[in-house]
Structures are given as structure tokens and as C-alpha cells.
Trainee: 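Quick one: this structure, given as C-alpha cells, is what I'll be asking you about.
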Amino acid sequence: MKKFLILIVFVVGLNAKDNYGVSGFTFLKLPSGSARLQGLAGNGVSLVDGVDSFSINPAGVAFSQMREVSFSMIGWFEDYSGKYISYVEPHGTNVWGVSFGYYSADGFDVRDENGVAINARDARFRNMVANLVFAKSFFMERFALGFAGKYVYEDRYLTEDSKFVWDGGAILKLSRRIYLGFSKQNISGDKKKVVQITRYGGSFVLKRYLVVTLDNKKYSDSETKTGFGLEFILPEELLQYGRFVFRLGYNDTINYGRNYDDSTLDKLGLSNTSGWSFGIGIYSTESLGRSYSIEYSLTPYGELGKTTQLTFKYKF
């Protein structure tokens, strides 16, 4: 069935090498928990901060100025979807954070290697990740280090597995306009079990209302990829009620063909688009030490359809 094939194609890696050797946990590639990050096409290792940092660079958590809680709803191909909740709490230059994500798809058809249907009405696909982060900033918040311990779990129909893995990262702010970042994710003793990701990149505040971020990403099951993201910001003094942000991102990827089924992609003229991501964010003004925001992102994958994410944040 299409649903099952789509899940397998995405979860084991669309662009994996013939000798990739990674047997699972590739769901950790998803920019989950942050519509901002997905809107930037998963780029921003030197840019994102607070709760947006959990799935890309734990060092960004160190730049949190307020307690922050977020909740994300993720819609991936067909019925593969999930929910993600995260929280950070600053204590001076030390910041702690926790997050939890759960993703699943139920009731899809299962076929063997020859394409023959297997009687498995209750077949399901489940992923889970729990994250504990500690980050610290130095030199008046010009430099930050972050570390995370993660428990990851995967249930792939008759096959269950779990692992403890580690993330580490750093961000250096050379000036108010230039940031550099590095992270190593999903470090474990078995590279063939968990996909590992090495990221490095830079961000540039070109103008007051424009930020550019560039990333280079190396996955242990695929070739190195380069991408970029843009944020266009309309500040509070222009809108008077808060900020509005438009996001655009791109990743080097293959062309997944044209989509003929998704009416949303057709109306937006994105039926033949692959590699690009789009997002918006609406932020309230800070009042009595509190602020709210809502963010949305959309990523078209050609014939496969689209993925979306909606994130709610509360700072207090």
C-alpha cells in the first residue's frame, strides 16, 4: 500500500547510500518540536535558541532568558504524526530543559520483501524520544555549550528497540550580526543502530529585518547536505501588537516528482516542489513578563505530499 511504502521510504532515509548500515531511529532526522526549525528546512544550528534548539543544537538552550514551554503537533506523510512538548528553565547562566516526543502510524498494510500482503490489521509504527538538556553561557552570552541525554524508542511492527544517546553542541556569537554553531547528535556506541548527525554553520543578521542561516549536515546514513534558511521580521514598532515572521528554507535534495492529489499544494502552486520549506510566526508583545506565540510550517515533497507542524509557545 502507498501508506506503508511512504513510511518505509522516509523512515529509512530517502537518500541513503547503498551501504548505509543504519538499522533504525532515523526519525531523529525530523525537525520535530519546532515549526520555526522546520520552516527553515531544518537549518539553524547557529541560530535557534530556547525550546527550538532541542532537535538541532542543545547549546541554543543556554540563550533562554525566561521559562518557556512549547507544544507541537506534527503531520507527516499519510497518517504518520506526532506530538512534542518541551520546557526550559533558566538559572542565571545555567539552563535546564526537558522534552518528550511521540510519533505513530496505525493500521497500515504490511508487505514482505516480494510485495505480498501480510495479514496484520494491528500493525503499527511508533517512535518516542525523551530529552534532558543542560546548557551554559559564557562571556556575557557570547559563547554557549550544551549537552543532552536522550532515550529513544522504536516499534517497527514485530521489532522493538531502544537506546540511550547523547548530543553536544556549541554556539559562538562573534558579534551582534555573526553567529557560528556546531553540534554532534545521537552519539552512541553503535553507529549502525542510530543515525548520527554532525552539523556546523553560520548565521548572519544582514539587516534589522533579515536573518540568513547556512548549515552543512552530515548524516551517518547519507551524503553531506547543505541548506539555508531566511527569516523576514516585521518588528513590534511597526505592528504595535507584536512581531510577524516569514520563513523560507532549502535543503539540497532529489526531486520527488509532481503531486496530483493534494489540493493545498495545487492551490499554492507547490505541486512540483521539493527541497523547500515555508513558515510563519506570530508573536505577542511581552506583557507583565509573559508572551505567547504560534508558528506554522509547511514542507512539500512532490509526489509524496506535504508535511506540516504547528507550535504553540508560552514564555513566563
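Hydrogens, waters and symmetry mates are skipped; everything else that's a heavy atom, side chains included, is used.
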Trainee: Would you say Ile56 ends up clustered with Val133 if hydrophobic residues are merged whenever their side chains have heavy atoms under 4.5 Å apart, either directly or through other cluster members?
Mentor: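 Different clusters.
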Trainee: Looking at CG of Leu304 and CG of Asn259, how far apart are the two atoms once the value is rounded to the nearest 0.5 Å?
Mentor: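 Answer for the CG-CG pair, Leu304 versus Asn259, is 8.5 Å.
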Trainee: So which of Arg36, Arg243, Arg247 actually passes salt bridge (Lys or Arg N to Asp or Glu O under 4.0 Å) with Glu295?
Mentor: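 So the option named by the test is Arg247.
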Trainee: Within 45° of the six-membered ring axis of Phe316 and under 6.0 Å from that ring's centre, is NZ or CZ of Arg290 located there?
Mentor: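 Not satisfied by the 6.0 Å and 45° rule.
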Trainee: For Val98 and Asn131: C-alpha separation, side-chain torsions, deciding distance, then whether side chain to side chain contact (heavy atoms under 4.5 Å, CB included) applies.
Mentor: CA-CA 5 Å; Val98 293; Asn131 204 346; over 6 Å; no
Trainee: Within the 3.5 Å criterion, strictly below it, is a donor on Glu160 or Tyr153 matched to an acceptor on the partner's side chain?
Mentor: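 Distance-only check passes for Glu160 and Tyr153.
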Trainee: Would a hydrophobic clustering, with Ile, Leu, Val, Met, Phe, Trp and Tyr connected at side-chain separations under 4.5 Å, put Val95 with Met66?
Mentor: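 As far as the 4.5 Å side-chain criterion goes, Met66 and Val95 are not connected within one cluster.
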Trainee: Closest approach of Met73 and Phe312, non-hydrogen atoms and distance?
Mentor: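 In this case the closest contact between Met73 and Phe312 is CE-CE1, 3.9 Å.
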Trainee: Charged N to carboxylate O under 4.0 angstrom, Lys29 versus Asp221?
Mentor: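 Result for this pair is yes, salt bridge flagged.
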Trainee: Tell me, please, whether Tyr283 has Lys313 positioned over its six-membered ring: NZ or CZ under 6.0 Å from the ring centre and within 45 degrees of its axis?
Mentor: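 No, cation not above the ring by the 6.0 Å, 45° rule.
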Trainee: If only atom types and distance count, is the side chain of Asp215 paired as donor or acceptor with the main-chain N or O of Phe228 below 3.5 Å?
Mentor: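 No, the answer is negative, given that no donor and acceptor are paired below the 3.5 Å cut-off.
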Trainee: Does Phe125 offer a backbone N or O that forms a donor-acceptor pair with the side chain of Asp155 under 3.5 Å?
Mentor: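 Side chain of Asp155 to backbone of Phe125: no pair is present.
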Trainee: Side chain to side chain contact (heavy atoms under 4.5 Å, CB included) between Val152 and Met128: does it pass, once the steps are laid out?
Mentor: CA-CA 6 Å; Val152 293; Met128 183 184 75; over 6 Å; no
Trainee: Quick one, Ser297 and Phe278 - any side-chain contact, counting heavy atoms below 4.5 Å?
Mentor: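 In short, these two side chains do not touch, never coming nearer than 4.5 Å.
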Trainee: Given Ser183 and Asn57, is the side chain to side chain donor-acceptor pair (under 3.5 Å) satisfied, shown in steps?
Mentor: CA-CA 6 Å; Ser183 71; Asn57 187 354; 4.9 Å; no
Trainee: Please name the pair of heavy atoms, one in Arg177 and one in Leu206, separated by the smallest distance, quoted to 0.1 Å.
Mentor: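 Looking at all heavy atoms of both residues, the closest pair is NH1-O, 3.6 Å.
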Trainee: Report yes if the side chains of Gln196 and Gln185 come closer than 4.5 Å at any heavy-atom pair, otherwise no.
Mentor: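 A side-chain contact is absent here, since even the closest heavy-atom pair is not under 4.5 Å.
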Trainee: Tell me if the centroids of the rings in Phe182 and Tyr200 come within less than 6.0 Å of each other.
Mentor: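 Ring centres of Tyr200 and Phe182 not closer than 6.0 Å.
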Trainee: What's the verdict on side chain to side chain donor-acceptor pair (under 3.5 Å) for Tyr87 and Arg67, showing C-alpha distance, side-chain angles and the deciding distance?
Mentor: CA-CA 7 Å; Tyr87 173 78; Arg67 288 179 291 175; 4.6 Å; no
Trainee: Can the ring centres of Tyr314 and Tyr292 be said to be less than 6.0 Å apart?
Mentor: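 Tyr314 vs Tyr292: aromatic centres under 6.0 Å.
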Trainee: Show the nearest heavy-atom pair for residues Tyr219 and Val195, with the distance to one decimal.
Mentor: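 For Tyr219 and Val195, the tightest heavy-atom pair comes out as CB-CG2, 4.4 Å.
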Trainee: Taking the side chain as C-beta and beyond, is there a heavy-atom pair between Leu145 and Phe143 under 4.5 Å?
Mentor: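 Yes, side chains in contact.
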Trainee: Count I, L, V, M, F, W, Y as connected when their side-chain heavy atoms are under 4.5 Å apart, and connections chain through other members. Are Ile187 and Val165 then in the same cluster?
Mentor: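 In one cluster with Ile187: Val165, no.
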Trainee: Is there a donor-acceptor contact under 3.5 Å linking the side chains of Glu303 and Tyr260?
Mentor: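 No, no side-chain donor-acceptor pair sits under 3.5 Å.
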Trainee: If every non-hydrogen atom of Val61 is compared with every non-hydrogen atom of Gly50, which pair is closest and at what distance?
Mentor: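 In terms of heavy atoms, the two residues are closest at CG2-O, 3.7 Å.
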Trainee: Do Ser46 side-chain atoms and Ser203 backbone N/O form a donor-acceptor pair below 3.5 Å?
Mentor: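 Pair found, side chain donor or acceptor close to backbone of Ser203.
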Trainee: Is the shortest side-chain heavy-atom distance between Lys83 and Phe100 below 4.5 Å?
Mentor: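 Sidechains of Phe100 and Lys83: no contact.
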Trainee: Are Tyr301 and Tyr256 an aromatic pair, judged by ring center distance below 6.0 Å?
Mentor: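 Close enough - the centres of the two rings lie under 6.0 Å apart.
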Trainee: Taking the side chain as every heavy atom from C-beta outward, state whether Val129 and Phe27 have any atom pair closer than 4.5 Å.
Mentor: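 Yes, close enough: below the 4.5 Å cut-off.
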Trainee: I would like to know whether Ser86 and Ser70 meet side chain to side chain donor-acceptor pair (under 3.5 Å); could you show each step before the answer?
Mentor: CA-CA 5 Å; Ser86 54; Ser70 74; 2.6 Å; yes
Trainee: State, yes or no, whether a side-chain contact exists between Leu37 and Ser55 at a heavy-atom distance under 4.5 Å.
Mentor: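 In short, these two side chains touch, coming nearer than 4.5 Å.
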Trainee: To the nearest 0.5 Å, tell me how far Asn255 CG sits from Ser274 OG.
Mentor: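 Asn255 atom CG to Ser274 atom OG measures 4.5 Å (nearest 0.5 Å).
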Trainee: For a quick test of reading the model, state the closest non-hydrogen atom pair linking Val88 to Ser64 and the distance between them.
Mentor: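 Scanning both residues completely, I find the closest heavy atoms to be CG2-OG, 3.6 Å.
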Trainee: Under 3.5 Å, is there a donor-acceptor pair between the Glu154 and Asn127 side chains?
Mentor: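 Side chains of Glu154 and Asn127: pair found under 3.5 Å.
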Trainee: Going by atom types only, do Asn43 and Lys217 share a side-chain donor-acceptor pair under 3.5 Å?
Mentor: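 There is such a pair between these side chains.
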Trainee: Same hydrophobic cluster for Ile178 and Val211, using side-chain heavy-atom links shorter than 4.5 Å among ILVMFWY?
Mentor: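 Shared cluster, no.
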Trainee: Would you tell me whether Ser137 and Thr93 have side-chain atoms, one donor and one acceptor, within less than 3.5 Å of each other?
Mentor: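 No donor-acceptor contact under 3.5 Å links the two side chains.
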Trainee: Hey, are Thr299 and Gln38 close enough side-chain-wise for a donor-acceptor pair under 3.5 Å?
Mentor: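 Indeed, the side chains of Gln38 and Thr299 share at least one donor-acceptor pair under 3.5 Å.
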Trainee: Does some side-chain heavy atom of Trp276 sit less than 4.5 Å from a side-chain heavy atom of Leu270?
Mentor: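 They are not in contact (no side-chain heavy atoms under 4.5 Å apart), so the answer is no.
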Trainee: Would you say Arg176 and Val205 make side-chain contact, with heavy atoms under 4.5 Å?
Mentor: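 No - every pair of side-chain heavy atoms lies 4.5 Å or more apart.
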Trainee: Is it the case that the side chains of Ser284 and Ser291 hold a donor-acceptor pair, with the cut-off being a distance below 3.5 Å and no angle test?
Mentor: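 Side chains of Ser291 and Ser284: no pair found under 3.5 Å.
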Trainee: With a distance cut-off below 6.0 Å to the six-membered ring centre and an angular limit of 45° from the axis, does Lys173 pair with Tyr179 as a cation-pi contact?
Mentor: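 Positive - Lys173 is close enough to the ring of Tyr179 and near enough to its axis.
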Trainee: When you compare the side chains of Asn94 and Lys136, does any donor N or O come within less than 3.5 Å of an acceptor on the partner?
Mentor: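 On atom types as modelled, these side chains qualify, holding a pair under 3.5 Å.
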Trainee: If only atom types and distance count, is the side chain of Ser277 paired as donor or acceptor with the main-chain N or O of Gly39 below 3.5 Å?
Mentor: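 No: the side chain of Ser277 does not pair with the backbone of Gly39.
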Trainee: At their closest point, which heavy atom of Ile197 faces which heavy atom of Leu28, and how far apart are they?
Mentor: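 Reported closest heavy-atom pair: CD1-O, 4.1 Å.
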Trainee: Between Thr308 and Leu310, is the side chain to side chain contact (heavy atoms under 4.5 Å, CB included) condition met? List the steps.
Mentor: CA-CA 7 Å; Thr308 62; Leu310 184 65; over 6 Å; no
Trainee: Mark yes or no for whether Asn251, through its side chain, and Thr253, through its backbone, hold a donor-acceptor pair below 3.5 Å.
Mentor: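 Not a single qualifying donor-acceptor pair exists.
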Trainee: Would you give the length of the straight line joining atom CD1 of Ile85 to atom OG of Ser72, rounded to the nearest 0.5 angstrom?
Mentor: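 Reported value, rounded in 0.5 Å steps: 9.5 Å.
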Trainee: Run the side chain to side chain donor-acceptor pair (under 3.5 Å) check on Tyr103 and Ser32 step by step: do they pass?
Mentor: CA-CA 10 Å; Tyr103 320 91; Ser32 54; 2.9 Å; yes
Trainee: Is Asp167 paired with Lys184 through a side-chain N to carboxylate O contact shorter than 4.0 Å?
Mentor: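 Here Lys184 does not pair with Asp167 in a salt bridge, since their nearest N and O are not under 4.0 Å apart.
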Trainee: Evaluate the side chain to side chain contact (heavy atoms under 4.5 Å, CB included) criterion for residues Leu47 and Leu40: first the C-alpha distance (whole Å), next the side-chain angles of each, then the deciding distance (0.1 Å), finally the verdict.
Mentor: CA-CA 10 Å; Leu47 178 64; Leu40 295 170; 4.1 Å; yes
Trainee: Are Leu30 and Val194 connected in the hydrophobic side-chain network, where two residues link if heavy atoms are under 4.5 Å apart?
Mentor: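 Yes, it is one cluster - the side chains of Leu30 and Val194 are joined through contacts under 4.5 Å.
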Trainee: Using the six-membered ring wherever Trp is involved, compare the ring planes of Tyr151 and Phe164 and label them parallel, tilted or perpendicular (cut-offs 30° and 60°).
Mentor: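 Judged by the thresholds at 30° and 60°, the geometry between Tyr151 and Phe164 is tilted.
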